Amino acid sequence: MPELPEVETIRRGLTNLVQGTTIVSVDALYPKMLNMPAKEFENMLAGKEILQIDRRGKYLLIRLSDDYTLVSHLRMEGKYDVVPEGTENQKHTYVVFHLNDERELRYNDTRKFGKMNLVKDSQVYDLSGLNKIGPEPTEEDLTFDYLKKQLHKSHRKIKAFLLDQSNIAGIGNIYADETLWLSKIHPEQATNYLSDQEIETLRENIIKEIQLAIKGHGTTVFTYKNAFGEEGSFQNHLHVYGKKGQPCERCGTPIEKIKVAQRGTSFCPYCQRVHGDLSE
DNA sequence: CACGATGTTCAAAA
DNA sequence: CTTTTGAACATCGT
């Protein structure tokens, strides 16, 4: 499931493979995923050069000539593939970019949840999802003061808070559970009762874990694989996600799985406990 | 056969 | 305003 580290891995792969190529023509096979009619989408992309590929949170920003950006979100199972011209389409190939070097860039997505928005560069941050996106989980952008302010004005469970992209960009279900376990914070803990110490621990773990996952080329779980020779090895570093019933690495208590904010949530019931006002 | 779980975002409801 | 819920969709396991 592409979270920030997986999207960053794909960004790097795409940069290596298609930066500098020109799009000759496009086949848009699933119009509902686009922000305009398929014909218009195809016509507008024809002839544009792929200048550069950026990322913001889980969004890929494919920078094109003529001041256009193709904003691509993979949602759950979106994948990119680069194949020789004429290769047979896969079952769930929904966009084919014919390049000027006898190759094709393919977008595949079994669940059909992914989205592509072709907009002028200046309109990228007007798109819903990007217009309210929070800071990147880095040392420079995710400051203690910002995180504390956001946590204290929120009245939600910490897990729901972490999944909200307007608070922090790029954290999904896997890294939410992992960073909470690392920080010994219960997923249902009320955000406004976290101590300064807990906030700083959480902040450091988020930044550290995301960087580590990028180094490991992301997490390969279920059927998710990326097609750029970078398989993803971070699943070997997971502590709670997908480990229901297995002993906690710190205390041996079996990992439990519950529903928080409608999402499957794995945690250690001994290491991660809810508390109220810390001044008690 | 039916049903729930899967991860992410957005629109709509509360 | 904030927060929660359901929908979008396909596939797999029970």
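Just so it is clear: chains get the letters A, B, ... in the order the sequence lines come, proteins before strands, and each one is counted from 1. Remember, predicted model here, so these are calculated numbers, not experimental data.
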Check your understanding: Base, sugar-phosphate, or nothing for A/K259, non-hydrogen atoms under 4.0 angstrom?
Key -> sugar-phosphate
Review point. So, A/T69 versus A/D121: side-chain donor-acceptor pair below 3.5 Å or not?
Key: yes
Check your understanding: Is any side-chain nitrogen or oxygen of A/H73 closer than 4.0 Å to OP1 or OP2 of B/dT8?
Key -> no
Review point. Once you round it to whole Å, what is the distance between P of B/dT6 and CG of A/N173?
Key: 8 Å
Point to revise | Length of the CD-C1' vector between A/Q262 and B/dA13, whole Å | key: 14 Å
Exercise for review: For A/Y30, report the nucleic acid contact type (base, sugar-phosphate, nothing); a contact means any heavy atom under 4.0 Å.
Suggested key: sugar-phosphate
Check your understanding: Going by heavy atoms closer than 4.0 Å, what residues in residues 124-137 of chain A are next to DNA chain C?
Key -> none
Review point. On DNA chain C, nearest-nucleotide positions of A/H92 versus A/R75: which is more 5'?
Key: A/R75
Practice item. Ignoring hydrogens and angles, state whether a donor on the side chain of A/Y175 or A/D177 is under 3.5 Å from an acceptor on the partner side chain. Key: no
Practice item. Could you tell me whether A/K115 contacts a base, only the sugar-phosphate backbone, or nothing, with contacts defined as non-hydrogen atoms closer than 4.0 Å? Key: nothing
Practice item. Evaluate ring-ring contact (aromatic ring centres under 6.0 Å, His included) for A/H186 paired with A/F267, printing each intermediate quantity in order. Key: CA-CA 7 Å; A/H186 192 288; A/F267 74 110; 4.7 Å; yes
Check your understanding: Atom CG of A/L60 and atom P of B/dT8: how far apart are they, to the nearest Å?
Key -> 14 Å
Point to revise | No-hydrogen, no-angle side-chain donor-acceptor test under 3.5 Å, A/Q197 and A/T201 | key: yes
**Study point:** Separation of the P atoms in C/dG6 and B/dG4, to the nearest angstrom
**Key:** 13 Å
Practice item. At the 4.0 Å heavy-atom cut-off to chain A, mark where contacts on DNA chain C begin and end, going 5' to 3'. Key: C/dT3 to C/dT11
Check your understanding: Strictly by modelled atom types, are A/N35 and A/K115 linked by a side-chain donor-acceptor pair under 3.5 Å?
Key -> no
Review point. For A/Y59, which contact category applies under a 4.0 Å heavy-atom criterion: base, sugar-phosphate, or nothing?
Key: sugar-phosphate
Check your understanding: Under 4.0 angstrom, heavy atoms only, what part of the nucleic acid is A/K157 near: base, sugar-phosphate, or nothing?
Key -> nothing
Review point. Going by distance alone, is a donor N or O of one side chain under 3.5 Å from an acceptor N or O of the other, for A/S266 and A/K244?
Key: no
Point to revise | Rounded P spacing from B/dA11 to C/dC9 in Å | key: 15 Å
Practice item. Start with the C-alpha gap between A/E6 and A/R11, add the side-chain angles, then the distance that decides, and say whether salt bridge (Lys or Arg N to Asp or Glu O under 4.0 Å) holds. Key: CA-CA 9 Å; A/E6 290 76 28; A/R11 186 195 72 77; over 6 Å; no
Exercise for review: Quickly work out the A/K244 NZ to B/dT6 P distance and round it to whole Å.
Suggested key: 9 Å
Check your understanding: Does the side chain of A/H73 come under 3.5 Å of the side chain of A/N117 through a donor N or O and an acceptor N or O?
Key -> no
Point to revise | A/R63 and A/D54: CA distance, side-chain angles, deciding distance, salt bridge (Lys or Arg N to Asp or Glu O under 4.0 Å) verdict | key: CA-CA 7 Å; A/R63 306 296 189 179; A/D54 296 329; 3.0 Å; yes
Practice item. Starting from C1' on B/dT8, measure out to CD on A/E6 and report it in whole angstrom. Key: 13 Å
Practice item. Check the side chains of A/T143 and A/D145 for a donor-acceptor pair under 3.5 angstrom, ignoring hydrogens and angles. Key: no
Revision key, fill the gap. Rounded to whole Å, CZ of A/R263 lies from C1' of B/dT8 at a distance of 7 Å
Point to revise | Pair pattern of DNA chain B in dot-bracket, where unpaired bases get dots and | marks partners in another strand, Watson-Crick or G-U under 3.5 angstrom | key: .|||||.|||||||
Review point. Rounded to the nearest Å, what distance is computed from the CE atom of residue A/M116 to the C1' atom of nucleotide B/dT9?
Key: 16 Å
Check your understanding: Is A/V124 linked to A/L45 within one hydrophobic cluster, defined over Ile, Leu, Val, Met, Phe, Trp and Tyr using a side-chain heavy-atom separation of less than 4.5 Å?
Key -> no
Practice item. Report the relative orientation of the aromatic rings in A/Y80 and A/F97; use parallel for angles under 30°, tilted for 30 to 60°, perpendicular for over 60°. Key: tilted
